[in-house]
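Both ligands and their constituent atoms are indexed starting at 1 by order of listing.
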Amino acid sequence: MSIALEINSKRSGDWRDELLKLLPGTKIEIYPDIENPNEVEFILCWKPAPAYYKRFPNLKVVQSAGAGIDHLFPESLPEHISVSKIVDPVLKEDMFEHVLTCLMNGMKNFASYAQNKSNKQWNPLAYMTIDQTKVAILGLGEIGGYVAEKLAGMGFDVKGWSNSKKNIPGVESFVGLDELGSAIDAVDFVVNILPLTTQTENILNRDVFKLFKSGSILINVGRGGHVVEDALLEAIENKVIKAAYLDVFHHEPLPEDHLFWDCAPIFITPHVASRTNIASSVKQVVDNYKRMLHHQSLLNEVSLKKGY
Ligand code: GLV
């Protein structure tokens, strides 16, 4: 019996060290150095290659090393394999802080002042305050729901959009495609924290951008696949969208020749809004491994059908 790590990053070694502290003596191997693939029943993954699960004929559990599972090819996984995601208070709080930074940056015109500084321009601009600012959060899952509640608690005017009705203090809940327009209507900021599924892919498209308030700001911390890139550039060109804070992209790293790099109102962060904190997440991975050994249901298991 062994655990395989297929994380494709420098953090594989850190994950192995932390797991070994809680599972001393367990065989934990980092792909591609797997002695006997038949022994692997549990795999911890982040952006594995397609059909990765076929390497391990006795695989039972795929544990995402992050909050999302879209990168695990959920549509192609055989049904007998259970998939679990990370749910961690640190991940939620980090996302909240990142979103808040983007909001405040936009509200207080810091980007314009950075540009003015390089031109030695003294140009005071009207700023927004929290109590005047309307925000729509797309996606009210573990992370989106937390961000929405925290922002509402701070005094932002918050609407939320999701697949099913949510009861979050201070957050007006909108459901389904029919109500997407009402969720977005008249807000200053649209924050995307949706999971990427066949239903949500390309959801930020030309038709939806037409519903944005003129001069509004997009914050995308969901996935690059939610955004139709040409449509976003067009909406920026037409001044429907004043600025976009993008943390996620169709292709990561964002290719050097991508148009987003040269579009001044687009702010690019390299998928850092909220990174899994190994120290605070390792226990749930260990719990899931033990649950698998004892034939118990997993923590934070996702529905492969729903994709989240
Ligand atoms: C990050 O994008 C995650 O899914 O945790």
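His71 does not count as a contact of ligand 1, since none of its heavy atoms falls under 4.0 Å from the ligand. Ligand 1 has no atom lying under 4.0 Å from any heavy atom of Arg275.
With a 6.0 Å radius and a threshold of 12 heavy atoms from other residues, nucleotides or ligands, Lys283 has its NZ atom at or below the threshold. When the shell of 6.0 Å around CG of Asn167 is examined, it contains 12 or fewer heavy atoms from other residues, nucleotides or ligands. At most 12 non-hydrogen atoms from other residues, nucleotides or ligands lie less than 6.0 angstrom from NZ of Lys134. Around CD of Gln132, the count of heavy atoms belonging to other residues, nucleotides or ligands within 6.0 Å exceeds 12.
Under a hydrophobic-cluster definition in which Ile, Leu, Val, Met, Phe, Trp and Tyr are linked whenever side-chain heavy atoms come within less than 4.5 Å, directly or via other members, Ile69 and Val61 are assigned to different clusters.
The distance from ligand 1 to the heavy atoms of His271 drops below 4.0 Å at these ligand atoms: 1 (C), 2 (O). For ligand 1, the atoms lying closer than 4.0 Å to a non-hydrogen atom of Gly66 are 5 (O).
An N or O contact shorter than 3.5 Å links Gly68 to ligand 1 by distance.
At a heavy-atom distance under 4.0 Å, only side-chain atoms of Arg223, from C-beta outward, approach ligand 1.
To the nearest 0.5 Å, atoms CZ (Phe73) and CD (Glu75) are separated by 7.5 Å.
Closest protein heavy atom to atom 5 (O) of ligand 1: Ala67 N, 2.6 Å.
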